[in-house]
Structure formats: C-alpha cells, structure tokens
Amino acid sequence: MIDGIYLAASGLDAYTKKQEVIASNLANTNTAGFKKYMADFTIKTEEAGGVGTVSADVSIDFAKGDLTYTGNSLDMAIDGEGFFTIETDQGLRYTRNGQFQLSGKGEIVTANGGKVLGQNGPLIIPKGAGSVTIDGTGKIKGGNNAIGELLINSFTEMSSLIPAGSGLYSASDIAVLDTNNLDFKIEQGYLEKSNVNVVMEMVDMIENMRSYEVSNYIIKNFSDTLQQLISSQSNAV
C-alpha cells in the first residue's frame with residue numbers, strides 16, 4: 001500500500017511538471033522560432049526495494065514551424081535545416097528566430113544585441129549601402145555591394161542543444177556540428193512561427209489535469225484505508 005502511495009505521489013510531481021511545460025508552450029505561441037517542449041512519462045523501478053516512480057522527462061520538438069510573411073527586410077526564416085549562428089557575451093548561440101535588426105554600428109543583431117554571424121564574422125551593413133537583399137543561400141547585399149553570407153549551422157544530435165533563453169540554444173560539450181550538405185533556403189521578409197499547436201496543447205492540458213485528479217483520488221483512498229487499518233489495530237489492542 002505504501003508503494004502505491006509512493007507511486008501515485010510521484011505521478012502528481014510528473015503531472016505538475018507537464019502542466020508547467022504546457023503553460024510555457026502556450027505562453028510562447030506567438031514567439032518567432034519557438035520550439036515546443038514535450039514531457040514524456042516513464043515509470044522507473046529503483047534498484048533498492050523495487051519501488052516504482054513516475055517521472056516526466058522534458059525534451060524539445062525541433063520540428064519546423066510555418067513561415068509567415070512580414071515584409072521586413074531584416075526578417076529571415078530558414079526553410080529547411082539549420083540555425084542562425086549568434087555571437088553573444090556568453091559565447092556562440094543558435095536560433096531559428098530570424099527577427100533581426102540593425103545596431104547603432106550597423107551590425108545585424110538579435111533583439112537582445114547578439115551579433116548575427118556570417119561566414120567571416122559579424123555582418124555589418126555600412127551606412128548608405130542601399131536596400132538589403134538576401135538570396136536563398138544566405139548571401140547578403142547592400143545595394144549592389146556584397147556584405148557577406150549567413151553562417152548556418154546544425155548538429156548531428158538536436159538533443160545536444162541546451163535552451164539558453166530568448167529563443168537561443170547553446171551547444172553542450174557532446175554537440176557535434178553537422179554543416180555538410182545542409183538542405184535549407186533563406187526566405188527574406190519571413191519569420192518562422194512557433195511550432196506550438198494551441199488546440200493540441202489545450203487537449204493535453206485537460207487530459208493532464210484529469211490524470212492529476214485521478215492520482216490525487218488514489219492517494220486519498222490509500223490514505224483513508226491506511227487510517228482505517230491503524231484504527232482497527234488500535235481498537236483490537
């Protein structure tokens with residue numbers, strides 16, 4: 001009976017964690033390039049005692065979101081594989097959010113000031129360069145002058161990427177770059193939408209809440225039964 005209470009209690013923790021994941025996904029429905037989190041339940045049996053527990057393991061779904069037209073010349077979307085490469089004070093970061101702008105120095109940067117990298121370093125649009133155009137391979141021009149080419153990177157294992165806030169990811173120590181024959185096309189004037197499906201998230205939220213209530217009910221029943229057993233034993237003495 002105690003094992004049953006322990007298993008149901010661990011389930012409450014797992015359902016709470018999944019609820020937090022769903023809430024985060026819904027909060028980022030309109031965040032460009034956002035990749036939704038997933039909470040997968042697993043039942044584990046501890047080596048000592050054989051007591052089972054339920055846990056929610058969180059992972060990231062890197063499936064591509066739909067592209068939406070904005071018309072802004074510095075908005076970019078990757079139609080296919082890879083990530084924009086960003087230079088930050090904390091090191092290199094990677095993102096699918098191509099909502100960029102110009103800094104006071106003419107650098108192409110993220111909303112937080114991270115520098116968008118090209119094949120030869122930060123991309124800088126000189127003053128008076130004219131309209132910015134970006135072709136499908138990521139080559140950037142200011143008027144008729146070549147500015148540089150976007151540095152698009154990817155990895156052999158997406159699970160090696162760690163969320164770093166603001167739609168950025170850092171590469172873990174085991175991450176291996178995979179830049180050979182990347183299949184992508186840069187779309188200027190477009191942004192990649194979040195890959196969160198609001199309807200599915202709401203359905204998951206309702207199912208998760210029901211599961212939480214069932215686990216809570218089971219714990220209460222076990223607790224009541226245990227209390228009755230203790231009372232009956234006390235009366236017998």
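Since we're looking at a predicted model, the values are computed, not measured. Just so it is clear, the values below take in all heavy atoms, side chains as well, and ignore hydrogens, waters and symmetry mates.
Atom CG of L74 is separated from atom CD1 of I134 by 6.5 Å, given to the nearest 0.5 angstrom. Taking CD of Q19 as the reference point, atom CG of D204 lies at 9.5 Å (rounded to 0.5 Å). How far CZ of F100 is from OG1 of T95: 6.5 Å, rounded to the nearest 0.5 Å. Interatomic distance, E201 CD to N208 CG, rounded to the nearest 0.5 Å: 11.0 Å. Taking CG of N72 as the reference point, atom CD of Q99 lies at 8.0 Å (rounded to 0.5 Å). Annotation: the span from N97 atom CG to S194 atom OG amounts to 11.0 Å, rounded to 0.5 Å.
The two atoms that bring S215 and L12 nearest to each other are CB-CD2, 3.6 Å, heavy atoms only. When every heavy atom of I152 is checked against every heavy atom of E81, the shortest pair comes out as CG2-O, 4.1 Å. The minimum heavy-atom distance between L161 and A171, with the atom names listed, is CD2-CA, 4.1 Å. Taking every heavy atom of both residues into account, S73 and V132 meet most closely at CB-O, 4.1 Å. In terms of heavy-atom proximity, T137 sits nearest to D135 at OG1-OD1, 2.8 Å.
A chain of hydrophobic side-chain contacts below 4.5 Å, direct or via other Ile, Leu, Val, Met, Phe, Trp or Tyr residues, connects L182 to I78. Following chains of ILVMFWY side-chain contacts shorter than 4.5 Å, one cannot reach M205 starting from M200, and the two form parts of different hydrophobic clusters. Hydrophobic clustering (side-chain heavy atoms under 4.5 Å, transitive across Ile, Leu, Val, Met, Phe, Trp, Tyr) groups L102 together with I186. In the hydrophobic clustering of ILVMFWY residues, with side-chain heavy atoms under 4.5 Å counting as a link, F83 and L92 come out together.
Annotation: ring pair (Phe, Tyr, Trp, His ring centres under 6.0 Å) contacts involving residues 183-221, sequence neighbours excluded, comprise Y69-Y190. Pairs engaging residues 147-159 under the side chain to side chain donor-acceptor pair (under 3.5 Å) rule: T85-N153 [sequence neighbours left out]. Among residues at least two apart or in separate chains, there is no ring pair (Phe, Tyr, Trp, His ring centres under 6.0 Å) pair with a member in residues 115-148. Under the salt bridge (charged side-chain N to carboxylate O under 4.0 Å, His left out) criterion, the residue pairs touching residues 164-189 are K185-E187, with sequence neighbours excluded. Applying the ring pair (Phe, Tyr, Trp, His ring centres under 6.0 Å) test to residues at least two apart or on different chains, the pairs with a partner in residues 136-156 are Y94-F155.
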Residues 107-114 side chain polar contacts: donor-acceptor under 3.5 Å, at least two apart:
from : atom 1 : to   : atom 2 : distance (Å)
E107 : OE1    : S103 : OG     : 3.3
T110 : OG1    : N112 : N      : 3.3
T110 : OG1    : G113 : N      : 3.4
T110 : OG1    : G114 : N      : 3.0
N112 : ND2    : S166 : OG     : 2.9

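Under the side chain to side chain contact (heavy atoms under 4.5 Å, CB included) criterion, V198 pairs with L26, T29, M202, sequence neighbours left out. In terms of the side chain to side chain contact (heavy atoms under 4.5 Å, CB included) criterion, residue partners of N28 (sequence neighbours excluded) are, by chain and number, S24, T31, F34. Here E213 pairs with nothing under the side chain to side chain contact (heavy atoms under 4.5 Å, CB included) rule; sequence neighbours left out. Residues forming a side chain to side chain contact (heavy atoms under 4.5 Å, CB included) with A56 (at least two apart in sequence, or on another chain): A14, K17, A39, F41.
Contact check for D40 versus S59: side-chain heavy atoms found under the 4.5 Å cut-off. Between Y15 and V214, the closest side-chain pair of non-hydrogen atoms is not below 4.5 Å. Q188 places a side-chain heavy atom less than 4.5 Å from the side chain of T133. A heavy-atom distance below 4.5 Å is not found between the side chains of L117 and L123. Side chains of E192 and K35 form a contact here, defined as non-hydrogen atoms less than 4.5 Å apart. Between P126 and I147 the shortest side-chain heavy-atom distance falls below 4.5 Å. Residues Y169 and M158 fail the side-chain proximity criterion, which asks for heavy atoms closer than 4.5 Å.
Grouped by direct or indirect side-chain proximity (heavy atoms under 4.5 Å, Ile/Leu/Val/Met/Phe/Trp/Tyr only), I162 sits alone. Cluster partners of L191 are absent, since no Ile, Leu, Val, Met, Phe, Trp or Tyr has side-chain heavy atoms less than 4.5 Å from it.
Side-chain atoms of N197 come within 3.5 Å of backbone atoms of V199 as a donor-acceptor pair (strictly under, hydrogens ignored). No side-chain donor-acceptor contact under 3.5 Å links N195 to the backbone of F62.
Among M76, R93, R96, the single residue meeting the side-chain contact (heavy atoms from CB on, under 4.5 Å) criterion with F84 is M76.
Heavy-atom contacts from other residues, nucleotides or ligands closer than 6.0 Å to CG of D224 number more than 12.
In this structure, D79 pairs ionically with K64, as a charged nitrogen and a carboxylate oxygen lie closer than 4.0 Å.
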